[in-house]
Amino acid sequence: MKIAEGLVAWPADFVNRYRELGYWNGKTLDQYLKESAEKYGDKEAITDGDIRLTYKELEMLADGLALNLSKRGFVSGDCIVVQLPNCWEFVALVYACARIGLVPIMALPGHRLTELSYFADHSQARAIVVPDQIKGFDHQAMAWEVAKRCSSIQEVFVVGEMVLENSVDLRSLIQIPELVLETRELLDQLRPDSQDVAVFLLSGGTTGLPKLIPRSHDDYGYNFRQSAALCGFDSSTVYLVALPASHNFPLACPGLLGVLYAGGRVVMARSPEPDYCLNLIGTERVTVAAAVPAVAQRWIDSKTENQGYDLSSLQAIEVGGAKIAPEVARKVKPVLGCVLQQVFGMAEGLLNYTSLTDPDEVIWNTQGRPMSPADEIRIVDDDDMPVRDGEMGQLMTRGPYTLRGYYRAPEHNARSFTPDGWYRTGDVVRWDSSGNLVVEGRTKDLINRAGEKISAEEVENLIYRLPSVAQVAAIALPDKRYGERNCVVIVLREDCEGLTLDEVRAAMEEFGVAKYKFPDQLEIVESLPTTNVGKIDKSLLRKQLGQQ
Ligand code: OOB
């Protein structure tokens, strides 16, 4: 199946405009690496533990991998499910894919059999890339299970020490080619079009499983170029990737792609653990780090407890993914000694940033403003009518790096987009008098647990599989550590004796879904409140349980 058939294209007049204005420049992702390798050749590009790669090395390794993938029969338009921890191999793979038009689907390390099989199936992926294991979990065995379920998967690539006989050791394919120039010429002929899909990101998802978000080379390139400019990235930037690298934020906002475009250095962290990251910031002289509020908060707590960490190199911390409480925002400068930059973004596109030079009040209390002059913003009421200036409403957007439709999802697209292409973000926002957006809430039914988005419907559907459950509602409750926690409110069947949180979590484990979706809290009730039209009244439930 051709990818193009499942896409919603930008209309021709928009394409022309975005090109004429230079937002879209006709480059594919790998070309940015090539240009940086020309400019910064022997400068260090990536630090991953003991491994340090220069720009030239990274480019040649990516070329070598692209050549080997192409020799194995992979061609432009083939999809590959990618689930890797933060490591240099991930970066080489992203550029190698771009080089020959393969499309990585950016799964998160936490995803399990259910999610990965769905991604593979929905995209008809030809391969899956996993680590051998992380923290004792056997990703390789899971990948083979995915391959068993999805006939499109022909190869399992593994990064790690324990590669099974039938799997392919990805590292063995990431080699500097013997004939560097010839390889380059050959690969140049296989380069995709800049309007082709470069990566599939995953939506937070409000209905069922996550949707696939196509990001073209043109639109994604603009995404990280403009972000890098706004965040002041240059060749002196040293950027810590502490969040999962496959997430849009650390990948391209400005993320590692933005750093490597600007000539800086990417430092890969295996986890966002405070002690580990704060030490890494000191030893690697990190200048910028990206974090979700829950992580930023833990770094602040750690630094408060232990003044010993050397954070003197740190200039800015970018915080996004969920709303940072103003009280926490205020602590960034005095405790971490750096500027806070708020990022209100989404995998679907639109990015808002506060500026490094904004007054404190703006940095503490707002989520910034759209990064592009071509971002179109509408704040509307339930009838899609614009609200008055400064009033709260639902955010809709259109622009040169915001998708026009999810991949192969016509029904969902009919709800999430207006006929003229505006994306309904599901966020409730208002313009602040400073000209910045403030996120006030959302209409979409999800739980934002430490920046990880959980579809309430997906959780409910899973829990309905338990024989003892008559009715269930998954709701977000405020949580000190995660910002929001996942609480499931259940009505049991009459003949059933009881159900514990542990039992529900054990069942979810058995279903093979990502752990971050497991409920944090379970409430058993006699009945669930309903609205006038008979829907479960989640806002009343939240109020009732929030008061307890
Ligand atoms: C980022 O992307 P996603 O796709 O995981 O989640 C997007 C949603 C937004 O629609 C909004 O509901 C929420 O996450 N969100 C924020 C926020 N940043 C994201 N809510 C309040 N304040 C913020 N600063 O989360 C993402 C993508 C790129 C950069 C940064 C975050």
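Note that these values count all heavy atoms, side chains included, but never hydrogens, waters or copies made by symmetry. Order of appearance sets the numbers: ligands from 1, and atoms from 1 within every ligand.
- The closest protein non-hydrogen atom to atom 10 (O) of ligand 1 is D427 OD2, 2.5 Å.
- Between atom 19 (C) of ligand 1 and the options C253, S203, G345, G320, the minimum heavy-atom separation is to G345.
- Using a 3.5 Å distance cut-off with no hydrogens or angles, the side chains of R369 and N436 do pair a donor with an acceptor.
- Looking at K444 next to ligand 1, an N or O pair under 3.5 Å apart turns up.
- For the pair R112 and F137, the cation sits on the ring face: its NZ or CZ lies under 6.0 Å from the ring centre, inside 45° of the axis.
- Other residues, nucleotides and ligands contribute over 12 non-hydrogen atoms within 6.0 Å of the CG atom of D420.
- Within ligand 1, counting atoms from 1 as listed, the ones closer than 4.0 Å to a heavy atom of K323 are 20 (N), 21 (C), 22 (N).
- Nearest to atom 24 (N) of ligand 1 among the protein's heavy atoms is V343 O, 2.7 Å.
- In summary, the atoms of ligand 1 found under 4.0 Å from a heavy atom of A347, numbered by their order in the structure, are 2 (O), 3 (P), 4 (O).
- Counting the atoms of ligand 1 from 1 in the order shown, those under 4.0 Å from a heavy atom of N248 are 27 (C), 28 (C).
- With a 4.0 Å heavy-atom cut-off, ligand 1 is reached by the side chain of Q367 but not by its N, CA, C or O.
- Salt-bridge formation is not detected for the pair R485/D520: no Lys NZ or Arg NE/NH1/NH2 atom is positioned less than 4.0 Å from an Asp or Glu carboxylate oxygen.
- Considering backbone and side-chain N/O atoms, Q342 never comes within less than 3.5 Å of an N/O atom of ligand 1.
- Proximity of H247 to ligand 1, defined as any heavy-atom pair under 4.0 Å, is confined to the side chain (atoms from C-beta onward).
- Annotation: F200 is not in aromatic contact with F119 [ring centroid separation under 6.0 Å not met].
- Note on ligand 1: L351 sits in its first shell, one or more heavy atoms being nearer than 4.0 Å.
- Taking a cutoff of 4.0 Å between a charged side-chain nitrogen and a carboxylate oxygen, D384 and R424 qualify as a salt bridge.
- A salt bridge does not link E348 to K444: none of the charged side-chain nitrogens sits closer than 4.0 Å to a carboxylate oxygen.
- For ligand 1, the polar-atom distance check finds an N/O of G321 within less than 3.5 Å of one of the ligand's N/O atoms.
- Between K453 and ligand 1, an N or O atom pair is found at a separation short of 3.5 Å.
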(request) Walk me through it: do E484 and R442 pass the test salt bridge (charged side-chain N to carboxylate O under 4.0 Å, His left out)? (result) CA-CA 13 Å; E484 292 178 10; R442 58 173 179 259; 2.8 Å; yes

